[in-house]
Amino acid sequence: MRIGVVCHPTFGGSGVMATELANHLGRLGHDLHVISYALPVRLDPFNAQVHFHEVQVQDYPLFLYQPYELALSSAMVETVRKEKLDILHVHYAIPHAYAAFMARQILMDHGVDIPVVTTLHGTDITLVGQLPAYKPAVAFSINHSTAVTAVSESLRRETIAQFDIQREILVVPNFVDVKRYGRGDAAARAHIAHPDEAILCHVSNFRKVKRIPDVLHIFSKVRAQRPSKLVLVGDGPERLPAERLAAELGISQDVLFFGKTSDVERILGVSDLFLLPSETESFGLAALEAMASSVPVIASRAGGLPEVITHGVNGYLEDIGDVSGMAQRALHILSSESTLAMFSQQALEASHRFSMEQIGQTYLKLYTSLIHGGEANG
Ligand code: GMT
């Protein structure tokens with residue numbers, strides 16, 4: 001199959017999912033053409049089946065804002081025609097689903113009718129998609145995609161509740177390549193913490209929705225009861241305020257800001273607990289990656305997180321903002337080696353429900369049915 005993929009190239013979960021899916025399908029022998037404004041971080045340079053096409057945005061002094069969607073639609077048209085693509089899969093509705101609709105219309109004038117799959121990831125529906133400047137265009141492009149998938153049942157329901165949706169939306173959850181993750185040894189751990197210290201971890205793009213202050217307050221309460229370190233991976237607008245809050249709480253010496261590192265697997269591999277107290281989270285790919293590294297998760301009972309984490313089995317879910325409850329749960333998991341080992345083992349087992357092989361097949365089946373004119377969902 002010849003598949004076009006459109007995604008944001010950044011560290012966010014939708015770009016990671018799109019890229020890992022492209023890498024995986026490429027390894028299965030399909031031809032993948034990834035279209036974006038920059039090389040996606042996780043795109044495998046050693047996979048000859050995966051090709052990158054950069055969107056060229058032309059500058060012109062008349063414009064205050066350069067028309068990226070136009071350039072993207074043109075790049076899609078050009079790539080579909082040149083590479084004879086069978087299908088386009090766009091990740092994150094804004095602006096990709098809208099640009100894909102235009103590309104499809106243009107291609108029809110060239111006698112090409114290409115199916116478009118739109119995958120909704122989260123804030124394209126729950127936050128950005130709600131802004132009046134985008135909402136009608138998001139609803140329109142969801143209704144006019146050939147097929148639409150959402151990464152959780154919660155996101156599917158939210159989309160239907162928030163937009164005037166005239167079509168079916170399939171749930172295809174995110175996945176993890178469990179082979180990439182594993183436990184690090186004592187020597188690796190020693191780089192971060194003393195042998196008697198627990199290692200708590202958080203990975204995100206440090207935006208308000210992640211409730212970074214809650215991460216610090218939970219850690220501060222845990223640290224008051226037992227020696228521990230907090231590793232923060234990622235960067236974004238909430239990072240500087242977080243550094244200030246850590247100082248105010250007097251915990252700076254035990255909070256390590258690692259920024260945008262590509263060593264997430266190794267860090268998860270030495271972590272004991274993962275914290276994700278988000279305001280909303282359509283799925284929580286970072287939590288799934290932690291679980292694949294045998295790390296239990298303390299999270300908020302929000303969005304699609306209960307579809308990934310089972311309360312009391314591979315972590316705990318508490319109300320949004322309940323930092324005391326989350327700290328208590330963290331301390332319980334860390335209370336003995338056997339409790340931690342049990343939660344860790346159960347986290348690893350749960351991650352296998354979201355295997356890359358299985359979800360990859362689900363997407364391939366969807367593509368096949370659409371290429372052959374099927375009405376997979378609408
Ligand atoms: O909003 C973000 O955090 C970024 C966004 C993205 O595009 O990367 O993340 C969303 O998509 C991820 C991949 O499907 C999900 O795992 C995240 O839960 C989701 N984020 C939110 O819903 C806040």
Side-chain angles (χ1 to χ4, degrees), residues 5-22 36-38 40-43 89-97 117-131 134 138 148-159 161-162 169-177 202-212 214-215 232-239 260 264 268 274-292 297 299-309 315 317 320 351 353-354 356 359-360 362-363:
V5 176
V6 179
C7 65
H8 293 290
T10 43
F11 271 95
S14 65
V16 168
M17 280 320 300
T19 313
E20 292 296 354
L21 183 60
S36 192
Y37 60 83
V41 233
R42 291 237 197 141
L43 204 70
H89 187 173
V90 306
H91 292 261
Y92 204 87
I94 304 171
H96 300 148
V117 178
T118 296
T119 291
L120 310 174
H121 277 274
T123 48
D124 46 352
I125 296 302
T126 56
L127 286 176
V128 196
Q130 295 300 317
L131 301 174
Y134 304 126
V138 172
V148 178
T149 72
V151 298
S152 65
E153 176 55 29
S154 152
L155 185 62
R156 188 189 75 82
R157 270 191 264 112
E158 182 85 3
T159 309
Q162 299 293 342
I169 297 175
L170 292 174
V171 175
V172 181
N174 287 329
F175 63 79
V176 68
D177 179 2
H202 169 82
V203 180
S204 79
N205 43 23
F206 282 64
R207 283 173 305 140
K208 276 241 171 314
V209 71
K210 304 292 175 182
R211 296 183 68 96
I212 305 295
D214 286 9
V215 174
L232 294 169
V233 178
D235 209 344
E238 290 294 298
R239 176 171 167 174
K260 286 183 188 172
V264 179
L268 289 172
F274 191 82
L275 303 178
L276 196 60
S278 307
E279 186 76 33
T280 168
E281 202 68 66
S282 69
F283 182 90
L285 182 62
L288 178 59
E289 293 186 332
M291 289 161 72
V297 181
S300 45
R301 198 176 285 103
L305 287 169
E307 296 170 50
V308 182
I309 301 151
L317 297 160
I320 299 165
S351 73
R353 287 191 290 130
F354 301 94
M356 181 176 68
I359 308 295
T362 305
Y363 277 121

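In each ligand, atom 1 is the first atom listed, and ligand 1 is the first ligand listed. Treat the numbers as computed from the prediction; the structure is a model and nothing was measured.
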Give me the residue, atom name and distance of the protein heavy atom closest to [atom].
atom: atom 16 (O) of ligand 1; result: Leu285 N, 2.9 Å
atom: atom 17 (C) of ligand 1; result: Glu281 OE2, 3.2 Å
atom: atom 7 (O) of ligand 1; result: Ser14 OG, 2.6 Å
atom: atom 9 (O) of ligand 1; result: Gly13 N, 4.3 Å
atom: atom 3 (O) of ligand 1; result: Arg207 NH2, 2.7 Å

Taking only heavy atoms of [X], which atoms of ligand 1 are found under 4.0 Å from at least one of them?
X: Asn205; result: 2 (C), 3 (O), 4 (C)
X: Gly122; result: 22 (O)
X: Val151; result: 14 (O)
X: Tyr92; result: 7 (O)
X: Ser282; result: 15 (C), 17 (C), 18 (O), 19 (C), 21 (C), 22 (O)
X: Lys210; result: 3 (O)
X: Thr280; result: 23 (C)
X: Phe283; result: 16 (O), 18 (O)

For ligand 1, find out whether one of its N or O atoms is nearer than 3.5 Å to an N or O atom of Val209. no

If you measure every N or O of Gly15 against every N or O of ligand 1, does any of those distances drop under 3.5 Å? no

Below 4.0 Å from ligand 1: does a non-hydrogen atom of Thr126 turn up there or not? no

Determine whether any heavy atom of Gly284 lies closer than 4.0 Å to an atom of ligand 1. yes

Between Phe354 and Phe283 (judged by ring centroids, cut-off 6.0 Å), do the two rings come close enough to count as a pair? yes

Could you verify whether a donor N or O on one side chain and an acceptor N or O on the other, from Thr118 and His96, lie under 3.5 Å apart? no

Using a 3.5 Å distance criterion without hydrogens, assess whether the side chain of [X] forms a donor-acceptor pair with backbone atoms of [Y].
X: Glu153; Y: Val171; result: no
X: Ser300; Y: Glu279; result: no
X: Tyr134; Y: Val128; result: no
X: Ser152; Y: Ser282; result: yes
X: His8; Y: Ile94; result: yes
X: His91; Y: Thr119; result: no

Write down the atom of Asp214, the atom of Pro277, and the distance for their closest heavy-atom approach. CB-CG, 3.8 Å

With a 4.0 Å heavy-atom cut-off (strictly under), which part of His8 contacts ligand 1: side chain, backbone, both or neither? neither

For ligand 1, does Asn174 get within less than 4.0 Å through its side chain, its backbone, both, or neither, judged by non-hydrogen atoms? side chain

Test side-chain contact (heavy atoms from CB on, under 4.5 Å) on His89 and Leu21 and set out the steps. CA-CA 11 Å; His89 187 173; Leu21 183 60; 4.0 Å; yes

Run down the list Glu279, Glu289, His121 and name the one with the heavy atom closest to atom 10 (C) of ligand 1. His121

Give the intermediate values and the outcome of salt bridge (Lys or Arg N to Asp or Glu O under 4.0 Å) for residues Glu238 and Lys208. CA-CA 7 Å; Glu238 290 294 298; Lys208 276 241 171 314; 3.1 Å; yes

Determine, stepwise, if the pair Arg42 / Glu289 fulfils salt bridge (Lys or Arg N to Asp or Glu O under 4.0 Å). CA-CA 14 Å; Arg42 291 237 197 141; Glu289 293 186 332; 3.3 Å; yes

